[in-house]
Every structure is written in C-alpha cells, then in structure tokens.
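Side-chain atoms are counted along with the backbone in the values below, which use heavy atoms only and exclude waters and symmetry mates.
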Amino acid sequence: MQLESLYQEIILDHYRRPHHKGLREPYDAQVEHVNPVCGDEVTLRVALSGPGTDATVADISYDSLGCSISQASVSVMADLLIGKRVGEAMEVCERFLALMQSKGADAGEEDLLGDAVAFAGVSKYPARIKCALLGWMAWKDATAQAVDKAGSIA
Amino acid sequence: MQLESLYQEIILDHYRRPHHKGLREPYDAQVEHVNPVCGDEVTLRVALSGPGTDATVADISYDSLGCSISQASVSVMADLLIGKRVGEAMEVCERFLALMQSKGADAGEEDLLGDAVAFAGVSKYPARIKCALLGWMAWKDATAQAVDKAGSIA
Amino acid sequence: MSVVADTAAPARPLDTDAVRADFPILSRTVRGGSPLVYLDSGATSQKPRQVLDAARAVYERSNAAAHRGAHLLSEEATDAYEGARADVAAFIGADPGEVVFTRNATEAVNLVAYAMSNAATAGPQAERFRVGSGDEILATELEHHANLVPWQQLCQRTGATLRWIPVTPDGRLEETGLDELITPRTKLVALTAQSNVTGAIPPVAEIAARAHRAGALVIADGAQAVPHHRVDVTTLGADFLVLSAHKMLAPYGIGVLYGRRELLEAMPPFLTGGSMIEVVRMEGSTFLPPPQRFEPGVPSVAEAAGLSAACAYLNALGMDNVEAHEQMLTAHALEALAQIPGLRILGPATVADRGGAVSFTMEGVHPHDLGQVLDERGIAVRTGHHCAWPLHRALGVQASTRASFYVYNTPAEVEALAEGIRAAQRFFSA
Amino acid sequence: MSVVADTAAPARPLDTDAVRADFPILSRTVRGGSPLVYLDSGATSQKPRQVLDAARAVYERSNAAAHRGAHLLSEEATDAYEGARADVAAFIGADPGEVVFTRNATEAVNLVAYAMSNAATAGPQAERFRVGSGDEILATELEHHANLVPWQQLCQRTGATLRWIPVTPDGRLEETGLDELITPRTKLVALTAQSNVTGAIPPVAEIAARAHRAGALVIADGAQAVPHHRVDVTTLGADFLVLSAHKMLAPYGIGVLYGRRELLEAMPPFLTGGSMIEVVRMEGSTFLPPPQRFEPGVPSVAEAAGLSAACAYLNALGMDNVEAHEQMLTAHALEALAQIPGLRILGPATVADRGGAVSFTMEGVHPHDLGQVLDERGIAVRTGHHCAWPLHRALGVQASTRASFYVYNTPAEVEALAEGIRAAQRFFSA
Ligand SMILES: Cc1ncc(COP(=O)(O)O)c(C=O)c1O
Ligand SMILES: Cc1ncc(COP(=O)(O)O)c(C=O)c1O
C-alpha cells in the first residue's frame with residue numbers, strides 16, 4: 001500500500017492537531033486563497049517585524065478548510081517559517097515548491113525543510129500538489145503585500 | 001466512364017445553347033437565388049396569365065451564372081413549364097425534386113418530366129443536386145410570390 | 001422517471017460481462033495491479049470498441065471536409081455526418097433539422113446565451129430572443145456551472161437579472177415559490193434534466209409548461225440525462241436541450257444543441273465563419289437556415305460517426321434496460337452507503353426521479369483524502385464540487401465525493417466502493 | 001518564406017513512399033477502382049496511423065476527465081493533455097501558458113472577437129480590448145470567412161467599422177495604401193498567414209509592426225500556414241495566432257489560439273462553464289488565469305494527444321523538408337498548369353512567398369464540372385469559393401477549382417491533375 005508514503009504520520013499529526021491555527025492580531029497583510037477544483041480555502045495573516053528586507057516573520061495565523069494535505073501543510077509551514085528572516089523564508093518556500101514539482105524524484109533537504117520533507121510523497125500525485133501548496137502560496141502572497149506596504153510606508 | 005451518364009448529351013446541349021435565357025418583360029415576380037457553396041446564381045422572372053389557381057405560366061425568363069448542370073436545368077425547366085397551368089407545373093416541380101432525391105434509384109417519368117429525366121444521373125452525386133435544383137427552387141419561389149400578389153390584388 | 005416515454009417492454013438485465021468486453025480500458029489495472037473500478041462516468045464515459053472503430057473507419061476510409069468538396073470522399077463524409085445527425089435526432093425524438101452539432105454541452109448553452117445577446121443587433125425576427133434591463137433569466141441552484149455561468153454572463157452583457165430556483169435539503173428543486181419566480185419578466189428558464197451531483201431529476205415538463213405560460217423559453221441541460229434515460233424532446237417540454245457526446249460512450253469534440261425548429265429559424269448566429277453563410281461580402285454577410293447557420297467550420301465528421309455508433313450501441317442495449325441497470329446499481333449504492341456511520345448522502349435517499357450519481361460526505365474524512373484511498377484501491381471517483389459549487393454551498397458542504405454509474409458497472413463494484421469508504425474511515429480515524 | 005525561422009540545414013527530400021504507407025486512406029480506390037489522388041488537404045488533411053493510434057491509446061488506456069478527477073486515469077489524462085499543450089507550444093515557439101485549446105481555428109477567432117465585445121462589461125484590465133463607434137477593425141480581402149465574418153459581427157455588435165486591405169490582381173495583399181488603412185483608430189488587424197485560395201503569404205511581421213506602431217492588436221490566421229511551414233510566434237509578429245488541428249494531420253475537434261501572455265491575462269472570458277472558474281456563486285463568478293480561463297468543459301484529451309502526435313510526425317519529417325516538398329510540388333503544378341490553354345491561375349505565378357494551394361479557372365468549363373471530371377478519375381480537389389467569397393469577387397471570378405498539397409503528395413499526382421484538366425477541357429469542348 002502506497003498510502004503510507006503519501007500520508008506520513010507527521011502529516012496526519014499536523015492534520016489532527018494543527019499548529020498556529022486561528023486568526024490573530026496584529027498582522028500586516030491578510031489574504032484568502034482557494035483551490036478552484038475542490039473549494040478548499042485558507043485565510044492567512046502575516047505579521048512582520050523589523051525593517052525592509054531584514055524583516056522577520058513575526059507571526060503566521062490562519063483559518064482554513066480542506067483536506068489533510070492542505071491542512072497539515074499550512075501547519076507545518078507556520079512552524080517552519082515563523083521566526084525566520086523574510087528572505088530565508090522565501091527561499092524555504094521556493095525549495096518546497098521545487099520539491100512539489102519533483103514528481104517523487106526529490107526527497108527534500110531536511111535541514112532546510114524540516115517536517116515539510118514529509119510531503120515529498122505528494123509530488124507523485126499531481127492532483128494533490130495544489131493542496132500542499134495552498135497555504136504556501138497564500139503566505140507568499142500575503143508576505144509580498146506586507147513587504148510592499150512596509151516599503152510604501154518607509 | 002460514368003461521366004456520360006451524368007452529362008447526357010441533352011444536358012450539354014442545353015448548357016451550350018440555353019433556351020429562354022435573358023430577362024424579359026412583363027413579369028409578375030422576380031427572385032434571385034444563389035448556391036452558397038459555389039456562388040452559382042440565378043435571377044428568374046415569372047409571368048402568369050389568367051385568374052387564381054387556374055393561372056398559366058406565361059413566361060419564365062432568367063439570367064444565370066453557373067455550371068453545366070445548373071444552366072441546363074433551368075433551360076430545360078423553362079421549356080417544360082412555360083404554357084402549363086400553375087398547378088400542373090408545381091406538380092412537375094415536385095416530381096423533379098423527388099427524382100433528384102432518389103439517389104439514382106428513379107429513372108423519372110418521361111411523360112411528365114420530358115427532357116428533365118436526363119438529370120436522373122445527377123441524383124447519384126449529392127454535391128450536384130443543389131446545382132440541378134437552383135433554377136427550380138427559384139421558379140417555385142417566384143411563382144408563389146406571383147400567385148400571392150395576384151391573390152392580394154384580386 | 002418523468003423524462004422517459006412510456007413503454008410496455010419490461011426491462012431486460014444488461015449482460016455486463018458482454019458489455020465490459022466491449023470496453024478495452026476496463027481490462028487495464030491501476031496503482032500496482034488493482035483492477036480498474038471506474039465510477040466516474042458522470043465526468044466522462046468510457047468508449048466501446050464499436051464507437052472507436054466507427055470513428056476510425058471514417059479517418060481511414062472517408063475522411064474529407066463534409067459539405068465542402070465535390071469529390072467522392074467529401075460525399076461519403078457528408079453522408080456520415082448527416083447520417084449521424086439523423087441518428088442523434090431519432091435518439092432524442094427530434095427532426096434532423098433541429099439538431100445542431102456543437103463542440104459539447106458547454107458550447108451549446110453558450111450558443112443560446114450568445115445568440116440571445118446577439119439578438120440586440122439582429123433583425124426583427126430575433127425579437128423574442130432579446131433581453132435587457134428588467135428582464136429575468138431563471139436558473140436553478142442545482143445547475144452545473146455550464147448551465148449557470150453562461151447565464152450570469154448574458155445578464156452581465158445585457159443588464160438582465162439572474163434569479164434562481166433554490167434546492168431542498170435533499171438536493172431536489174424547491175417547487176414551492178415557483179409562482180413568484182416565473183413571471184412575465186422571465187425570458188428564459190435554464191434547468192438541468194438531471195443533477196450531476198444529487199442525481200435529482202426535476203419535473204422539466206411541468207416547469208416548462210409554467211414557463212411557457214409566462215412566455216419564457218426553456219433550456220434543459222441533458223448532459224446527465226440523455227446518456228442514461230430515454231429522453232424524447234416531444235414530451236420533455238423544453239425548447240432547447242443540450243448534451244455532450246463524450247458522456248454517452250462517444251468521442252470528445254462533439255455535442256448537440258437541440259432546438260425547436262421555429263426557434264432555431266429565428267435565432268441569430270453565434271459562431272461565424274465558413275459553411276454557415278449564404279452570401280459574404282466585405283460589407284456584410286447573410287446566413288444559412290438552421291442547422292447549418294450554427295455550424296461554422298469543417299465538421300467533426302469522425303466524431304459525429306462515433307456519436308452515431310454510440311446511439312446505436314445504446315439502442316441495442318435498450319435505453320429502458322440501461323435505465324433499469326443504473327437504477328439497480330443506485331439502489332444498491334444508496335443502501336450500502338447508508339450503513340456507513342458518518343456518511344451523508346447529498347441527494348434523494350431513494351431512486352424515485354433520481355439518476356445514478358451518488359455524492360456523499362463523510363465525517364472526519366475530506367473528499368480529497370477519501371478519493372485518494374479509493375484511488376489506491378483502483379476505484380475512480382470524483383472529488384470536489386463537481387462544477388456545481390452553488391449547489392454544494394446550498395447543501396452546506398464544501399466538497400463531496402461522487403460515484404457515478406453506467407452500463408459497464410456492476411454490483412460488485414458498488415460493494416468495492418463501500419468497502420473502500422470503510423477502509424478510508426479506518427485509515428483516517430486510526 | 002517570411003514566416004519561417006532561419007535554418008542552416010539543407011532540405012532533405014521527403015520519402016513519399018514511406019510517408020504514404022503511414023496513411024491508410026491513401027491505399028483506397030474511388031469511383032470504380034481509380035487510386036485516390038487526394039489534392040484537398042487545404043480543406044482537411046489525411047491522418048497518419050501514428051496520430052490515430054495516439055488518440056486511440058488515450059481512449060483505450062487513459063481516458064478520463066482531465067483536470068477534474070483525483071484518480072490515476074485522470075492524472076494520466078491530465079498529463080496527456082498538458083503534454084500536448086507543451087508540444088504544440090514548442091511547435092510554434094510559444095510558452096505552454098500561451099496556448100489555448102479551442103475547437104478549431106474558427107472558434108479561436110470567434111474567441112478573440114467575442115472577448116473584445118465582452119470587454120465592454122468587464123473590468124478595467126480589459127480596457128485595451130474594448131471597441132466601439134469610431135474604432136476600426138482592419139481585415140483583408142484575402143481572408144477565409146473564418147477570419148472575416150467574426151469581425152463583421154464584432155462591428156455589428158459594437159458599432160465599430162470594418163475596413164480592409166484589398167488584393168492585387170495576382171491575389172496578394174495590396175501594400176500601397178496601408179498608411180491610410182492602419183491609423184490610430186485601428187484596434188485590431190486580422191490577416192491570414194497564408195491564403196487558402198491563392199497561396200499568397202503576406203508579410204505578417206511587417207504589417208504587424210505597423211499595426212503595433214499604431215497601437216493595434218494583430219491576429220494571424222495560421223490555419224494554412226502552421227501545417228506547412230515552420231512558424232515561430234516570436235518572429236511572426238502577431239499577438240494572436242489561430243490554427244485547426246485537422247489541417248495538420250490531427251483529429252477534428254481541437255484547435256489552438258495562441259495569444260501573448262499579457263494579452264490573454266487581461267482578456268475577459270468567452271465561453272463559460274466548468275473548469276474555467278475560480279469561484280462560482282449564484283450572484284456571480286470569478287475566473288482562472290489563462291489558458292484555463294478560455295477552456296470550459298471537459299478537455300478533448302484524446303484529440304489533444306492526436307495533435308501532439310501530429311506535431312511529432314511533422315517534426316520527424318522536418319518542417320523545412322515539408323515546406324521544400326510542397327514548394328517542389330507547387331512549382332511543378334504552376335508550370336504544368338500554365339501550359340494548359342484557357343487556364344488562369346488565381347494567385348502568384350511563382351513559388352516566392354507562396355504556399356501549396358493552387359486555384360484556377362478554366363475557360364468554358366465551370367469549376368463544378370471540372371471537379372466532377374477530376375473526381376471521376378479519382379482526383380479530389382475543391383471547387384467553389386473555398387470560403388473566400390470576397391477574394392473571388394475581387395479577382396473577378398465566381399468560383400474556382402483548387403488543388404492543395406501536403407506531405408503525401410507526389411509529382412505524379414500533379415501530372416494526373418494536369419492530365420485530368422485536359423480531359424475535362426476535351427469533354428466539355430467536344
Ligand atoms: C485560411 C483558413 N482559415 C480558417 C479556416 C477554418 O478552419 P476550421 O473550419 O477548421 O475552423 C480554414 C479552413 O477551412 C482556412 O483555410
Ligand atoms: C449536468 C452537466 N451539464 C453540463 C456539463 C458540461 O459538459 P461538457 O464539459 O462536456 O461541455 C456536464 C459535465 O461536465 C454536466 O454534468
């Protein structure tokens with residue numbers, strides 16, 4: 001059975017007990033993203049601290065509705081990115097994207113991606129990649145908006 | 001060679017020397033019909049004489065541009081219908097239509113259709129049936145208009 | 001069901017072994033050797049050999065531009081194309097001149113919607129198709145996006161207002177309140193002849209009669225009805241009916257718009273180009289009578305031949321038998337699924353006025369996850385909102401899992417589905 | 001020819017025996033045993049085994065609704081469909097995201113024309129597509145009805161004015177006077193990349209550059225160009241390019257609209273329905289980015305796979321070799337036909353900037369009659385106005401006979417054509 005390779009224990013754990021869930025104040029940008037195929041949705045807020053490109057991801061909070069993969073993925077992401085410099089976090093995000101597009105060929109760099117390497121199996125199921133990316137794309141969008149805002153204020 | 005069964009001598013004769021060609025006065029109705037596939041066109045006038053349904057086809061005159069089949073067909077038709085009562089002429093027209101739709105199964109009633117039986121071979125070539133019918137449909141249309149007009153005057 | 005003409009002949013059970021042998025794809029295995037259990041015919045049906053052979057025969061023997069050439073191949077192609085039109089017409093009880101070949105059901109709906117906005121700048125004979133501010137289009141919450149979004153867009157183009165018939169909690173049309181919804185302002189009623197989610201079969205004839213009394217036109221979405229039941233346009237009551245060939249054993253690339261003759265005759269063109277014109281000048285053009293007026297471009301003759309072969313295949317099975325077979329499978333599925341704790345059927349719980357699409361949700365297991373477990377076992381279902389998002393919203397769910405049946409499905413496959421659902425439940429509650 | 005990218009490789013003659021063996025239909029006989037001489041590829045091409053097999057393989061192995069299911073077959077179908085998009089994109093030098101699958105070239109032109117009128121009620125990003133009174137659409141007298149009538153209709157819907165570039169007596173575009181025709185009022189220039197009647201290949205890049213300087217968009221009709229020459233959208237100059245798969249060895253039911261990315265991104269939808277939406281509510285809907293925005297409905301995945309196989313087949317022959325082969329046949333035909341008294345070629349007398357459509361008239365023999373005699377000898381040509389009626393009017397003829405060539409035609413077939421024409425002449429002058 002291939003199911004276990006897709007649904008690793010760590011994914012099911014995050015799915016059942018998501019981290020950082022719930023919308024919190026303060027935040028610099030909020031976005032809503034939806035997966036048009038299934039209607040899965042996420043509302044995600046990003047709070048940055050510090051100046052310009054040196055800013056740090058102070059908080060990621062979210063509310064979401066979706067499958068185990070999309071739920072676990074946003075939870076893992078929040079764990080991973082909170083506290084990182086924006087530039088670093090963007091790089092992690094790019095790496096995760098590359099992992100998702102690897103069609104199972106890539107195992108993921110655990111030092112960089114941490115628990116997110118558990119999603120390597122998803123990349124073999126094209127229909128599920130969007131699920132895994134939903135939260136990440138929302139974060140990228142929200143962060144870009146927050147950075148823009150900070151830039152236009154500064 | 002099947003060509004001779006399609007292009008009977010009588011058809012080629014009418015094609016080379018069409019009868020009743022040229023637009024004449026007086027007339028009761030004039031129509032223009034066109035074959036959208038090839039652009040073949042006929043302008044046709046009908047003159048009726050006599051009252052109502054007893055009216056006689058006094059003249060059919062036409063100007064046309066087209067292939068041998070369409071040219072010969074309108075010429076043969078004019079020969080055949082001029083002088084007939086409208087009702088009779090309509091019947092001939094219906095018979096010719098039926099002949100054209102017979103897919104080669106029908107030889108045509110020579111006593112009714114005269115030279116027009118030469119077109120029996122056309123019914124085996126679906127793409128040419130419209131050619132053979134162009135003049136006839138124009139006559140039918142023009143005659144209906146002329147009868148209508150006579151009715152509305154009377 | 002109400003869209004079926006009466007018949008005296010008792011249903012004959014389908015010989016599914018023989019049927020399955022006609023479908024090459026059904027003998028393949030998936031995901032590490034599981035036999036394929038294809039329960040996604042609502043999305044697209046599989047195709048029997050007979051259909052694939054008929055299409056291929058055109059390509060290998062008679063391929064040419066139908067209606068365009070003066071040569072033998074073109075004659076043969078024209079015969080195949082017009083023969084297919086006659087066969088499809090007979091299949092739905094229409095005259096060949098009332099059958100317009102389109103690309104699919106989606107394009108057929110768009111054809112009518114755009115013809116209606118084109119009526120604004122067409123001649124007076126198009127008068128009855130005109131809509132504008134103050135006019136209403138009435139859709140339903142049960143619709144597939146293909147019979148909803150084109151009407152939203154028509155309203156956006158013309159200033160008309162979209163209203164809709166709501167659904168009941170079991171996914172049927174809510175019929176109380178119709179009198180307030182169908183009024184003299186209603187220009188057109190768009191409704192499905194069978195829901196692709198709940199399987200509900202609305203009373204099209206009744207609603208059409210009301211619509212006609214109010215002076216409205218009626219378009220029925222037959223994409224899920226025509227493949228599965230005997231549909232006869234003379235009793236259906238709708239003015240227009242659309243369908244997609246690929247959902248009824250036939251190839252992609254072809255669909256049908258049926259329209260009552262006098263409507264098609266008065267309707268302005270939609271897609272324009274070759275073969276639909278009467279005379280073209282740079283200054284302007286005139287158009288052929290229907291159905292040609294609505295069929296620009298070189299005809300999809302091989303696909304039409306495939307559709308004709310599909311009609312023949314279904315006729316040979318007998319549409320009443322097809323319906324009875326699916327009803328048997330649906331009853332079996334409703335029963336088996338009802339026994340699974342936490343499972344909610346979206347749609348009627350019995351087979352009365354209900355076709356073979358069985359959608360459901362499952363407590364604690366998201367449809368995507370459920371579909372994944374089923375897929376791992378070789379069972380192909382659809383998950384998501386199935387292009388009927390407002391319906392899902394109305395039923396208070398975000399997404400669902402759908403099993404849909406056709407002539408090649410068996411009770412054993414229904415049982416495999418039920419067992420798969422239980423396995424998913426075990427996996428995610430572990 | 002100008003639409004071809006430069007290449008250093010010398011043309012390699014096609015092995016027509018080998019090519020012909022791939023096309024099952026070419027071994028059939030017609031009209032009492034004559035071998036088929038198919039000179040009507042301009043209407044639709046014949047299909048090689050490889051293409052038919054590729055389409056059938058999808059139906060027999062991987063058929064499912066692409067982009068819609070969560071199961072293996074749907075994954076495979078999606079791969080086939082998106083793979084085909086990438087292959088077609090590579091074939092014309094575009095990015096996959098710039099390739100929209102349509103039903104055919106006709107629908108692709110209509111897509112742009114309707115998107116432009118839809119821009120009237122779409123958001124501000126659609127601004128540059130809006131046309132109305134005072135604006136002009138510039139077509140040409142050389143156009144196929146498919147790239148003319150949709151623009152007439154757009155003008156009728158919006159109040160814009162249609163103008164056109166006339167043709168020269170030898171069936172090319174008249175380039176003097178372009179400065180008066182292309183002005184700041186011009187919103188769009190619609191022109192063919194190769195005439196289906198005269199074979200003329202207009203200087204698309206030059207005209208597009210002028211149009212762009214005036215702020216106009218450019219749509220090129222590639223239906224007759226893409227199958228026969230190496231066309232690269234990065235050098236073609238047009239903003240949009242349309243084609244029909246069935247004219248390039250592939251099945252019916254699928255075609256392509258290429259559009260520059262930022263244009264597709266700003267363009268409002270045309271056909272609406274499933275799979276092109278982002279969020280649907282009864283109150284209104286939002287739409288996906290291109291290309292999905294323009295592809296409602298279940299994708300024609302088998303036909304897309306067929307088109308991909310056709311691109312592969314043509315790539316294996318080499319498009320430069322294909323072009324050289326047709327140029328050889330065209331030169332041969334022009335020479336052979338020039339020797340027949342009373343025969344008038346409609347179009348350029350030499351192969352420079354000219355493709356392989358050879359249309360002609362014959363004194364004393366109507367095209368229908370000529371076509372009939374040829375058909376009797378097994379030679380399939382097209383007769384009539386070939387959906388280019390204004391062009392025929394401009395050239396002072398009512399109809400013509402057209403021979404058109406492709407990869408499977410041979411010099412012997414050209415000679416059979418010439419001999420057939422002489423036979424017709426004898427028959428009708430007898
Ligand atoms: C130049 C040209 N444009 C457009 C078309 C239309 O192609 P289709 O009918 O496949 O849409 C054709 C062929 O008929 C053509 O020759
Ligand atoms: C009820 C209904 N209507 C319309 C459609 C649209 O069919 P197509 O995508 O073939 O146009 C579908 C299928 O997707 C359907 O289920």
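- The most heavy-atom pairs under 4.5 Å with chain B, out of D:P367, D:S400, D:G384, come from D:G384.
- The 12-atom threshold is not exceeded at CD of D:E363, counting heavy atoms of other residues, nucleotides or ligands nearer than 6.0 Å.
- For D:H368 against B:C131, the heavy-atom pair with the smallest separation is ND1-SG, 3.1 Å.
- Side-chain contact, D:H366 with B:D40: a donor N or O sits under 3.5 Å from an acceptor N or O.
- When all heavy atoms of B:G39 and D:Q398 are compared, the pair lying nearest together is O-NE2, 3.0 Å.
- Residues of residues 66-77 of chain B lying within less than 4.5 angstrom of chain D, judged on heavy atoms, are B:G66, B:C67, B:S68, B:I69 in numerical order.
- Residue D:R393: no heavy atom, backbone or side chain, is found under 4.5 Å from chain B.
- Distance check, rounded to the nearest 0.5 Å: OH of B:Y7 to CZ of D:F428 gives 4.0 Å.
- Interface with chain D: from residues 117-128 of chain B, residues B:Y125, B:A127, B:R128 qualify, criterion being any non-hydrogen pair under 4.5 Å.
- No more than 12 heavy-atom neighbours from other residues, nucleotides or ligands sit within 6.0 angstrom of NZ on B:K103.
- Residue D:A399 comes nearest to B:C38 through the heavy atom pair CB-O, 3.4 Å, listed as atom of the first residue, atom of the second, then distance.
- In this structure, the portion of B:L12 lying under 4.5 Å from any heavy atom of chain D is its side chain and not its backbone.
- The two residues D:W389 and B:N35 come nearest to each other via the heavy atoms CH2-O, 4.4 Å.
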